[in-house]
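Let me begin by presenting the structure, written as structure tokens, before commenting on it.
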Amino acid sequence: MKRIGFIGMGNMAQAIASGWIGRKLLTGDQVYAYAPHYDKLEKNAERIGFTPCRDRDEMIAACDIILMACKPYQIEGVLEGTRDLLKGKALLSVAAGWNYGKYAGFLDPSTRFQYIMPNTPAMVGEGVLLFEETNSLTEEESREVRELFAALGRVETIPDRLMGIATAISGCGPAFVDMVIEALGDAGVKYGLPRNQAYALSAQMILGSARLQLETGEHPGILKDKVCSPAGTTIRGVDALEHNAVRAAFIDAVDAVMDME
């Protein structure tokens with residue numbers, strides 16, 4: 001496997017690096033990283049197992065694939081200083097909004113590129129990894145990169161025009177679901193469950209329900225109906241959620257994200 005160098009080592013980059021190294025897909029001497037604050041980078045390297053680098057340009061020269069993981073507002077400045085160093089290399093980017101078309105205006109034509117939007121559950125192998133359909137990787141590079149990211153969760157190829165909505169659902173969705181886990185946990189505590197147990201029950205329930213839908217392929221409404229017995233307890237809860245417009249609230253949340261596009 002080729003050497004991969006991260007530019008930036010924030011939460012998402014840490015999730016990706018942790019997944020690859022923790023699952024022994026790559027070793028510490030195959031994963032390099034540069035970040036401006038070397039002390040913090042070194043601590044993360046000790047915890048995760050990658051190789052920290054003090055010099056960005058030396059790291060780029062030593063690696064075959066570069067993964068851009070810094071903040072979106074920093075990328076233009078990084079590209080201005082590294083355009084020549086990236087010639088002939090493969091560049092992956094997990095920075096929101098920096099798609100193939102945007103990078104094309106900054107990269108040398110010899111730099112091959114793929115825009116990927118992961119989400120934080122990738123850290124535990126349950127992520128969603130969105131690959132923008134338009135890319136310039138070689139067939140071998142594309143296969144290798146997809147195999148790496150597939151180990152972190154579900155890889156989906158998305159048409160360029162739909163990357164925004166796909167990112168809103170899979171990228172922002174974990175925060176929405178975390179709020180559901182927290183709320184159900186609070187309800188459990190209200191009726192006597194210890195908080196840690198209440199959160200564990202809520203989280204496992206969501207994990208199991210999601211897996212059931214993915215593996216059966218059944219419509220979520222059908223799965224919901226199977227839990228709702230006539231005049232039973234669950235349908236009363238569903239009725240309460242409908243009265244509080246829970247569906248509309250989630251759609252409104254996605255609308256709010258898309259309004260930023």
Side-chain angles (χ1 to χ4, degrees), residues 2 4-17 32-36 56-57 59-61 63-120 122 127-146 148-150 152-175 253-261:
K2 298 174 180 178
I4 297 180
F6 286 73
I7 298 179
M9 189 45 72
N11 292 335
M12 186 59 68
Q14 290 175 47
I16 295 169
Y32 295 77
Y34 165 82
R56 180 194 66 190
D57 294 356
M59 184 201 74
I60 292 174
C63 292
D64 308 288
I65 298 173
I66 303 302
L67 199 156
M68 191 74 74
C70 54
K71 300 295 184 184
Y73 72 87
Q74 298 172 322
I75 290 180
E76 186 172 343
V78 171
L79 292 175
E80 288 175 354
T82 60
R83 186 175 188 272
D84 289 341
L85 291 168
L86 292 170
K87 288 181 179 178
K89 295 183 182 290
L91 176 66
L92 314 177
S93 179
V94 296
W98 276 81
N99 58 15
Y100 183 89
K102 193 165 184 177
Y103 267 96
F106 293 90
L107 298 175
D108 183 85
S110 69
T111 303
R112 300 172 301 283
F113 175 72
Q114 172 73 68
Y115 175 42
I116 304 167
M117 276 309 304
N119 64 0
T120 50
V128 177
L129 302 312
L130 307 178
F131 277 57
E132 184 181 32
E133 188 171 40
T134 301
N135 71 87
S136 52
L137 298 183
T138 66
E139 285 189 20
E140 180 183 2
E141 288 168 342
S142 183
R143 177 182 55 78
E144 290 180 346
V145 170
R146 284 174 178 272
L148 277 176
F149 279 92
L152 305 180
R154 184 185 185 96
V155 171
E156 290 282 349
T157 299
I158 304 294
D160 301 11
R161 65 185 178 83
L162 296 177
M163 281 294 287
I165 180 58
T167 299
I169 293 172
S170 66
C172 303
V254 175
D255 286 343
V257 174
M258 294 302 290
D259 284 345
M260 296 292 292
E261 290 287 312

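Sequence positions, counted from 1, serve as the residue numbers for this chain. Reckoned from all heavy atoms, side chains included, excluding hydrogens, waters and symmetry mates.
Without hydrogens or angle criteria, Ser136 side chain to Phe113 main chain gives a donor-acceptor distance under 3.5 Å. The main-chain N or O of Gly77 is never found under 3.5 Å from a side-chain atom of Glu80 such that the two would form a donor-acceptor pair.
Taking the side chain as every heavy atom from C-beta outward, Asp108 and Thr111 approach each other to under 4.5 Å. Using a 4.5 Å heavy-atom threshold, the side chains of Phe106 and Glu76 count as touching. Contact annotation: the side chain of Leu130 approaches that of Met163 to within less than 4.5 Å [non-hydrogen atoms, C-beta and beyond]. In this structure the side chain of Phe149 reaches within 4.5 angstrom of the side chain of Ile16, judged on heavy atoms.
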Could you walk me through whether Asp160 and Thr134 pass the side chain to side chain donor-acceptor pair (under 3.5 Å) check?
CA-CA 7 Å; Asp160 301 11; Thr134 301; 2.6 Å; yes

Decide side-chain contact (heavy atoms from CB on, under 4.5 Å) for Met68 and Val94; before the verdict, give the C-alpha distance in whole Å, the side-chain angles of both, and the deciding distance to 0.1 Å.
CA-CA 6 Å; Met68 191 74 74; Val94 296; over 6 Å; no

Checking side-chain contact (heavy atoms from CB on, under 4.5 Å) for the pair Val254/Ile165: CA distance, chi angles, key distance, verdict?
CA-CA 8 Å; Val254 175; Ile165 180 58; 3.5 Å; yes

As a quick check of understanding, evaluate side-chain contact (heavy atoms from CB on, under 4.5 Å) for Glu132 and Ile116, giving each step before the final call.
CA-CA 6 Å; Glu132 184 181 32; Ile116 304 167; over 6 Å; no

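Minimum interatomic distance between Ala13 and Gly8 (heavy atoms only, all atoms of both residues): CB-O, 3.6 Å. Closest approach of Met59 to Tyr32, counting heavy atoms only: CG-CB, 3.8 Å. Across all non-hydrogen atoms, the minimal contact from Met9 to Ala17 is CE-CB, 4.3 Å. The two residues Pro159 and Glu133 make their nearest non-hydrogen contact at CA-OE1, 3.7 Å. When all heavy atoms are compared, the tightest approach of Thr167 to Met117 is OG1-CG, 3.7 Å. Smallest separation of non-hydrogen atoms from Ile60 and Ile66: CA-CD1, 3.8 Å.
Expressed to the nearest 0.5 Å, how far CG of Leu79 lies from CG of Leu91 amounts to 7.0 Å. For the atom pair Cys63 SG and Phe6 CZ, the distance stands at 10.0 Å (nearest 0.5 Å). To the nearest 0.5 angstrom, Cys70 atom SG is 9.0 Å from Arg56 atom CZ. In this structure, the separation between CG on Leu86 and CG on Leu107 is 6.5 Å, given to the nearest 0.5 Å. Atom OH in Tyr103 sits 3.5 Å away from atom CD1 in Ile75 (nearest 0.5 Å). Considering NZ of Lys2 and CD1 of Ile4, their distance stands at 9.5 Å, rounded to 0.5 Å.
A centroid separation of 6.0 Å or more is found between the aromatic rings of Tyr115 and Trp98.
Taking the side-chain hydrogen bond (donor to acceptor under 3.5 Å, both in side chains) definition, one finds that Asn99 meets it with nothing, sequence neighbours left out. Every residue meeting the side-chain hydrogen bond (donor to acceptor under 3.5 Å, both in side chains) condition with Glu156, not counting sequence neighbours, appears here in chain and number order: Arg154. Partners of Glu141 by salt bridge (Lys or Arg N to Asp or Glu O under 4.0 Å), not counting sequence neighbours, listed by chain and number: Arg112.
Both tests hold for Arg146 against Phe131: distance to the six-membered ring centre under 6.0 Å, angle to the ring axis within 45°.
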